[in-house]
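Remarks on the structure that follows.
Residue indices begin at 1 and follow the sequence shown.
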Amino acid sequence: MAFDQRPPPYYENYAYQPENMVPPSHISGYYNHPPPYYPPSVPRYVQRVPTEQSTPVPAITQPVSSSTKICTPRIRKTLCLILFITIILLGAAIAGVLIWFYATDSCSGSKIHCGTAGVCVTPSQWCDGVNDCPNGEDENRCVRLYGPQRILQVYSSENKGWYPVCHDDWNDDHGITACADMGYKKNLYYKSQGIRVTGSPSFLRLNKSAGNIDLYKKLYNSYWCPSRSVVSLQCINCGVSRKRVNARNRIVGGSAATLGEWPWQVSLHFHNSHLCGGSIITPEWIVTAAHCVDGSYSDSYHWKVYAGILTQKEMFSFKALRIAKIISHPNYDTTTKNNDVALMKLQSPLHFNEWTGPVCLPNPGMMFEPEQKCWITGWGAQRFGGNTSNNLNAADVPLIEPSTCNNMYVYQGKVLPTMICAGYLKGKVDSCQGDSGGPLVTVKNTLWWLVGDTSWGSGCAAQNRPGVYGNMTQFTDWIYRNMQANQ
């Protein structure tokens, strides 16, 4: 089939190009912008300029001045030697700085420090039951939330498993500590409560006689929880929207959003042009796609973040937030788009209000069913090959069974476990260029959850070519580990 001959398709847009816009006049710094991006499927046209052979101009011989006589071969040799020595010394200085940097910050990238031991490990080595850090720090603060009820679970090194925490003797101080162990700032703490459970074979209980020590040291394994209630924990007030949950019949096939409907949606600008979308998860952290910050786009200095604004034209009248650090998933594959997720840490925190707020991260154990209604949002093109939109648009799309998405008529096995399909096999409604990194969300238990980030697709809204998104349930633990390591 002709489809097999195409390179792996995906959504990317490296400039905000509104319709019928007059090209801007040349201003200071304009030529510092990155070269225009040409998708693999779009041919790149290079203007050919004819050249003519001109008649050479005769050289004019001038008399040698007395200053020229001073530049003898001996003097030139001495100057070259001095320059050579200077270059060597400069190179040695630079090498020394680099050695010092990597010696003192050996955990650059996505690795995590083992306390003050000077050792670092990857996020996948945390909470796996093996002490990879010298003092076992990677197994000490293993906290997570499970399922849509946000049940607190702590990893037991003794029993090599995750266990719920009995609500008896629990209080908000313990909740603040547990949330901090997941990477949340203490001032973000929202609430905890007890939830009745049945059938749990084992619990972790608080030792009331323990002193002022770390939370994990206060917990012990028990087969008995008198209240039969476990801790349900919400570390941040997330997933709150002004949107009324109703279907939209018509981003491609979408309709204009209103303020407060999608408060977690941000526009990510590179060199002052909209490049991708992203989702707010805390005042300091944004989730986006790894392909948005790949290669020459990985420099945090050139990025700006706009939140709580509906139109691209408005954004230039508002103060943008700057990025302090970009963390791409260490196993991101540029060819297959496997693990297409990245984190951005802001230099200064966002101020939440009715127009700006976080979406909830999905917990392990959450099940999103095929045909479950989700929503996509972004400033992407409204037709394949079109310009990105000035307005934030939204559309509802159902989730698609992985086996359906991978059959021979759709994506032929290209949708991996770290991906999730959403859309319509008949086409008409879909994400498109410029929507990359933006949210795929759903509502469950009255809260809005981040199901995925816009990753790739073949064309836009084409038949049998639904959108493919990063499967956020696969990335939640990785996100928490990096938030914890970069507080």
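With hydrogens and angles disregarded, a donor-acceptor distance shorter than 3.5 Å links the side chain of D340 to the backbone of H291. Checked by atom type and distance alone, the side chain of N171 pairs as donor or acceptor with a backbone atom of H174 at under 3.5 Å. A donor-acceptor pair under 3.5 Å links the side-chain atoms of N339 to the main chain of N331, judged by distance alone. Although no hydrogens or angles enter the test, the distance criterion places a donor-acceptor pair under 3.5 Å between the side chain of W379 and the main chain of L310. Panel note: side chain N390, backbone Q312; a donor-acceptor pair is recorded below 3.5 Å.
Inspection of the K325 and N486 side chains reveals an N or O donor paired with an N or O acceptor under 3.5 Å. For the residue pair S156 and N221, a side-chain donor N or O sits within less than 3.5 Å of a side-chain acceptor on the partner.
Partners of C225 by disulfide bond (SG atoms under 2.5 Å apart), not counting sequence neighbours, listed by chain and number: C166. Looking at residues two or more places apart in sequence or on another chain, you find a side-chain contact (heavy atoms from CB on, under 4.5 Å) between H302 and F270, H271, D299. For the side-chain hydrogen bond (donor to acceptor under 3.5 Å, both in side chains) test, residues two or more places apart in sequence or in another chain that qualify with D168 are S227. Residues forming a salt bridge (charged side-chain N to carboxylate O under 4.0 Å, His left out) with D181 (at least two apart in sequence, or on another chain): R141. The salt bridge (charged side-chain N to carboxylate O under 4.0 Å, His left out) search around E354 returns R242, not counting sequence neighbours. Under the side-chain contact (heavy atoms from CB on, under 4.5 Å) criterion, T473 pairs with P362, F368, N471, not counting sequence neighbours. Residues passing the side-chain contact (heavy atoms from CB on, under 4.5 Å) test with V305, sequence neighbours excluded: V266, L268, L321, I323, L346. Listed by chain and number, the residues in a side-chain hydrogen bond (donor to acceptor under 3.5 Å, both in side chains) with N407 amount to none (sequence neighbours excluded). Qualifying ring pair (Phe, Tyr, Trp, His ring centres under 6.0 Å) partners for Y306, counting only residues two or more places apart in sequence or in other chains: H269. Not counting sequence neighbours, the partners of Y155 by the ring pair (Phe, Tyr, Trp, His ring centres under 6.0 Å) test are W162. Take Y146 and apply the ring pair (Phe, Tyr, Trp, His ring centres under 6.0 Å) test, not counting sequence neighbours, and it matches no residue.
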Name each donor-acceptor pair under 3.5 Å that joins a side chain in residues 278-285 to protein atoms two or more places apart or in another chain, with its distance.
unit_1, atom_1, unit_2, atom_2, d
T282, OG1, E284, N, 3.1
T282, OG1, W285, N, 3.1

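Classification of the W264-W262 ring pair by plane angle, with boundaries at 30° and 60°, yields perpendicular.
In this structure, R322 forms a cation-pi arrangement with Y301, its terminal cationic atom sitting closer than 6.0 Å to the ring centre and no more than 45° off the ring axis.
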